[in-house]
Number of protein chains: 2
Amino acid sequence: MDKTKYPASTKKAQENMEASRPDTATRILDVSERLFVEHGFEATSLRMITQQAEVNLAAVNYHFGSKDALFEAVFMRRLAPLIASCLAELDELEAREEKLSVEGLVTTFIRPCLALSKDPARGGALFVRLLSRTLVENHRLLRETISQQYSVFVQRYSRAFHHALPELGVEELAWRMHFAFSVMFNAFAGNDVLKIFTRSQIVSARDPDMIVKYLVPFVVAGLVSPVEG
Amino acid sequence: MDKTKYPASTKKAQENMEASRPDTATRILDVSERLFVEHGFEATSLRMITQQAEVNLAAVNYHFGSKDALFEAVFMRRLAPLIASCLAELDELEAREEKLSVEGLVTTFIRPCLALSKDPARGGALFVRLLSRTLVENHRLLRETISQQYSVFVQRYSRAFHHALPELGVEELAWRMHFAFSVMFNAFAGNDVLKIFTRSQIVSARDPDMIVKYLVPFVVAGLVSPVEG
DNA sequence: GTCTATATGGGGATAGAC
DNA sequence: GTCTATCCCCATATAGAC
């Protein structure tokens, strides 16, 4: 199978988008995405995937070649559009405002994540959770495939934040960006840090708008806080 | 083996603490802790553990009963003392200050984590990373064992933060605590969110003091930021 | 307590009929 | 493209000698 084309963009998949049963490869991708989020990569077997997708066991290897390649396909199907959206928002913001606001910058990242989370056709909140999980699990696949491919993303945001917060040194800015992205990913991931450490029903409700209402001010406050000393 | 006593506190283990080769159960715990952090629970096999610990394959089941029970033992060996330290700091702070400061509260959590991170005899930064990872992976073992046992911890911090930030509503406070603990765990976990999103050599240096220098102000700023609207 | 040997099951991957 | 059947490996766990 052509590695640069994933089923979601093939003609057959498009034809079936409104049908009740998407084609085999898409069904595999959809189920895998959910199971990888729920159980992690290692704990998810091809047998679990193919049973729930109601396809034959051999279909995974036929369509994707291996379990590793399947993971990559699941990942790339969502990540490329997400990053493209962020950069598009960033372009728009830079064209609109001479002096970038931190809140504006944060929003260029959060809004596409939010839009994705609210769109069931693109997996809803599942992918953002998968992304967060994968970052923490430090997959070799992620290190090898993603980090090279999306250095553009990193560089764009680093420069933008430096522009918005010129008073911060390189080291301080790097740390703050690290903290900011950490908390944003965890928020969208809907992890259970909260259930254990706040034991709150409120927080475990995964309403994306609630996340943004409280998340953006928290992150912005941390980013813009005055330098000590 | 008595489930309430782990090797690190047995007489034999204490005798061997300064010797070059700790007893079998302790060796297994040490190696497991490292491997669970590196590869995750599912991807770590008993064969990897017993080979690196230079003990027999059957030793794990003899000493701990099962892989699940081993995980729990690895976890509880560190978590119980860590939580006890946090609560002790909290007691001390509450005795010392009438009006709790947010920075003081945050520090009661960070200081024990930092102390643990800097103490190789207690696994150094490994355990905090394991804790973070396990929270994200949402292990059943963690949900079942820990969350019941340590509701005290949750309640104490919730009340303390409510006391320090009385102007915040219940919902707003729950979210802020969630964000705060998320970013703190990720910081100590030394995840690679940073390597991908900031591509910085600075941040990947795992100097615990650097973490605190930048982490505390970030978290405090987010917690105390004025309520909108 | 420690070892060897093995039981038992599940994993990913593939060959070859249809 | 899809199916069945199977290969081969590795997993956890245990039985029983020492």
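Chain A is the first sequence line, chain B the second, and so forth, proteins listed ahead of strands; every chain is numbered from 1.
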- Rounded to whole Å, the CZ-P distance (A:R27 to D:dG1) equals 16 Å
- Message: By the 4.0 Å heavy-atom rule, please label B:A58 as base, sugar-phosphate, or nothing.
- Response: base
- Quick one: A:E54 CD to D:dT2 P, roughly how many Å, whole number? 14 Å
- Under 4.0 Å between any heavy atoms, over every strand shown, what does B:T50 touch: base, sugar-phosphate, or nothing? Just pick one. nothing
- C:dA5 C1' sits how many Å from B:L57 CG, rounded? 11 Å
- Query: Any donor-acceptor pair under 3.5 Å joining the side chain of A:R47 to the base of C:dG10?
  - Reply: no
- Taking it one step at a time, do A:Y157 and A:F153 satisfy ring-ring contact (aromatic ring centres under 6.0 Å, His included)? CA-CA 6 Å; A:Y157 270 97; A:F153 179 85; 4.9 Å; yes
- Spacing of A:L46 atom CG relative to C:dG11 atom P, expressed in whole Å: 9 Å
- Item | A:D68 CG - C:dA13 P separation (whole Å) | 7 Å
- Does D:dT2 have OP1 or OP2 sitting under 4.0 Å from an N or O in the side chain of A:T24? yes
- Query: Using a cut-off of less than 4.0 Å, is there contact between a side-chain N or O of A:S45 and OP1 or OP2 of C:dG11?
  - Reply: yes
- Query: Does A:Q52 have any side chain to side chain donor-acceptor pair (under 3.5 Å) partners at least two apart in sequence or in another chain, and if so, which?
  - Reply: A:R34
- What integer distance in Å separates B:Y62:OH from C:dC3:C1'? 13 Å
- Query: Stepwise, does the ring-ring contact (aromatic ring centres under 6.0 Å, His included) test hold for B:F109 with B:F185?
  - Reply: CA-CA 10 Å; B:F109 176 73; B:F185 273 112; 5.6 Å; yes
- Message: Whether B:R27 and B:D30 form a salt bridge (side-chain N of Lys/Arg under 4.0 Å from carboxylate O of Asp/Glu) is what I want to check.
- Response: no
- Task: Could you state the atom-to-atom distance from NE2 of B:H39 to C1' of D:dA11 in whole Å?
- Result: 16 Å
- Interatomic distance, A:K67 NZ vs D:dC9 P [rounded to whole Å]: 19 Å
- Compare side-chain N and O positions of A:N61 against OP1 and OP2 of C:dA13 and report whether any pair is under 4.0 Å apart. yes
- Message: Before you tell me yes or no, could you show the steps for A:R156 and A:D91 under salt bridge (Lys or Arg N to Asp or Glu O under 4.0 Å), namely the whole-Å CA-CA distance, both residues' side-chain angles and the distance that decides it to 0.1 Å?
- Response: CA-CA 10 Å; A:R156 282 291 306 275; A:D91 287 336; 3.0 Å; yes
- Message: Check the phosphate of D:dG1 against A:N56, side-chain N and O only, distance under 4.0 Å to OP1 or OP2. Yes or no?
- Response: no
